[in-house]
Amino acid sequence: MATSEFLIEATARGFVHQCTDPAALDAALRGGTVAGYIGFDCTADSLHVGSLVQIMLLRLMQRHGHRPVVLMGGGTTRIGDPSGKDESRQLLSDAQIAANMAGIRRVFEPFLRFGDAAPAALMANNADWLDPLGYIPLLREVGTHFTINRMLTFDSVRLRLEREQPLTFLEFNYMILQAYDFRELHRRHGVTLQMGGSDQWGNIVSGIELVRRTESATVFGLTTPLITTASGAKMGKTARGAVWLTADRISPYEYWQFWRNTEDADVGRFLRLFTDLPLDEIARLEALGGAGINAAKAVLATEATALAHGRTAAEQAEATAHATFAEGRTADTLPSVQVAAAELAQGIPVFALLVTAGLAASNGEARRLIRQSGARLNDEMLSDEALPVTTAHLRDGAIKLSKGRKQHVLVRAE
């Protein structure tokens with residue numbers, strides 16, 4: 001049973017899935033400051049909600065006086081992690097990787113404290129040690145500690161082969177490079193803990209073994225569970241695509257709405273994982289029944305949005321939602337899309353406009369939404385799937401499209 005404050009709270013909040021040596025890690029956490037890292041490859045210029053469990057775990061480490069280390073995969077992004085993937089990733093240019101890395105750096109600023117005040121978070125880039133390596137010297141030094149037999153037993157490799165999906169030799173090396181990262185972070189910054197999603201277990205164990213064999217040191221691994229919704233859907237996906245963590249990708253209002261739309265059965269779990277609220281307050285909110293669960297969802301939405309976008313933006317998003325839903329007004333801070341004024345003058349079929357607004361993923365889905373009385377135009381129920389929407393529908397310079405009672409987008413002419 002855990003006795004260190006970090007491991008007690010991480011377990012209570014649902015962050016812990018597997019741990020290589022819980023008792024020894026618990027003792028290390030009680031004995032002083034532990035530096036723990038999580039790696040993030042630079043495949044886009046932001047991170048989405050699917051990475052938020054890892055970010056919140058680093059935040060929890062820092063809250064309990066330990067040092068979070070963010071490892072940017074400037075080097076490993078050139079290969080692509082095969083873990084949990086059915087096919088190879090598209091290889092990115094160095095310029096794309098650099099641009100993505102600059103974008104991802106912004107994600108962590110609201111969640112972690114960088115600077116001089118201990119325990120300050122550290123951001124490292126594995127390109128610093130991977131770029132100068134000669135490949136053959138690396139394989140001679142590190143490759144001898146890995147057997148193909150063992151590597152083939154890990155899920156990240158085995159599942160790809162079982163599904164008869166190609167696994168390139170380039171990707172096959174990812175495990176070796178991630179293990180090398182752990183050793184370099186241990187040597188350079190005293191890192192003794194690697195964390196990650198459950199699909200990273202094989203890579204993490206390989207890194208632990210490499211450090212033990214080459215450094216004669218004891219280090220640890222901890223994984224988080226795969227987060228899905230109560231209905232089994234993948235966390236962080238909507239009809240409009242991924243739920244990103246930066247405002248240039250998704251507005252604070254849309255982010256707030258994503259959390260407000262949480263399924264009833266997920267409210268308590270998500271409050272524990274994605275907010276800093278005390279556990280006793282979460283227990284109180286989780287116990288609310290009837291209409292009270294909607295109040296709990298609003299708390300979840302505001303607290304989660306405050307972490308990513310700041311308290312002011314979160315409260316503005318909540319006020320916008322109240323104005324839109326409780327008072328029936330159209331708020332200027334609703335998400336909006338632009339369409340060509342000439343196109344709108346000629347008329348755009350409403351089913352196509354629903355897709356443009358991101359309220360449906362396809363024309364077929366938009367038509368079904370209308371047939372099922374799930375779509376509104378300027379708060380009026382839609383019944384004609386092919387209704388041409390024109391400039392005559394503009395109200396105060398915008399057209400309000402709605403999906404159900406919770407999702408609204410303003411369409412403006414440009």
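With hydrogens and angles left out, the side-chain atoms of T76 and Q178 include no donor and acceptor closer than 3.5 Å. When only modelled atom types and interatomic distance are considered, E254 and S251 share a side-chain donor-acceptor pair under 3.5 Å.
A salt bridge is absent between E209 and R212; no separation between the charged side-chain nitrogens and carboxylate oxygens falls under 4.0 Å. Salt bridge status for D276 with R63: present, with a side-chain N to carboxylate O gap under 4.0 Å.
With sequence neighbours left out, R368 forms a side chain to side chain donor-acceptor pair (under 3.5 Å) with no residue at all. For R376, there are no salt bridge (charged side-chain N to carboxylate O under 4.0 Å, His left out) partners, not counting sequence neighbours. In this view, F6 satisfies the ring-ring contact (aromatic ring centres under 6.0 Å, His included) rule with no residue, not counting sequence neighbours. Under the side chain to side chain donor-acceptor pair (under 3.5 Å) criterion, D26 pairs with T3, S4, R30, not counting sequence neighbours.
Remark: side-chain polar atoms of T262 are paired, donor with acceptor, to backbone N or O of W259 under 3.5 angstrom. The main-chain N or O of V34 is found under 3.5 Å from a side-chain atom of H66 such that the two form a donor-acceptor pair. Here the side chain of D266 pairs no donor or acceptor atom with the backbone of T229 at under 3.5 angstrom. The closest donor-acceptor contact from the side chain of N125 to the backbone of A127 lies under 3.5 Å.
A cation-pi contact links R367 to F351, judged by a cut-off of 6.0 Å to the six-membered ring centre and 45° from its axis.
Residues in residues 106-122 take part in these side-chain hydrogen bond (donor to acceptor under 3.5 Å, both in side chains) pairs, two or more places apart or across chains: R106-D248.
Heavy-atom contacts from other residues, nucleotides or ligands closer than 6.0 Å to CD of E303 number more than 12.
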With a 3.5 Å cut-off and sequence neighbours excluded, list the donor-acceptor pairs that the side chains of residues 13-24 form with protein atoms.
residue : atom : partner : partner atom : Å
R13     : NE   : E9      : OE2          : 2.7
R13     : NH1  : R272    : O            : 2.8
R13     : NH1  : T275    : O            : 3.2
R13     : NH2  : E9      : OE2          : 3.3
R13     : NH2  : L277    : O            : 2.6
Q18     : OE1  : T223    : OG1          : 3.3
T20     : OG1  : G221    : N            : 3.0
D21     : OD1  : A24     : N            : 3.3

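Between A357 and L401 the shortest heavy-atom distance is CB-CD1, 4.1 Å.
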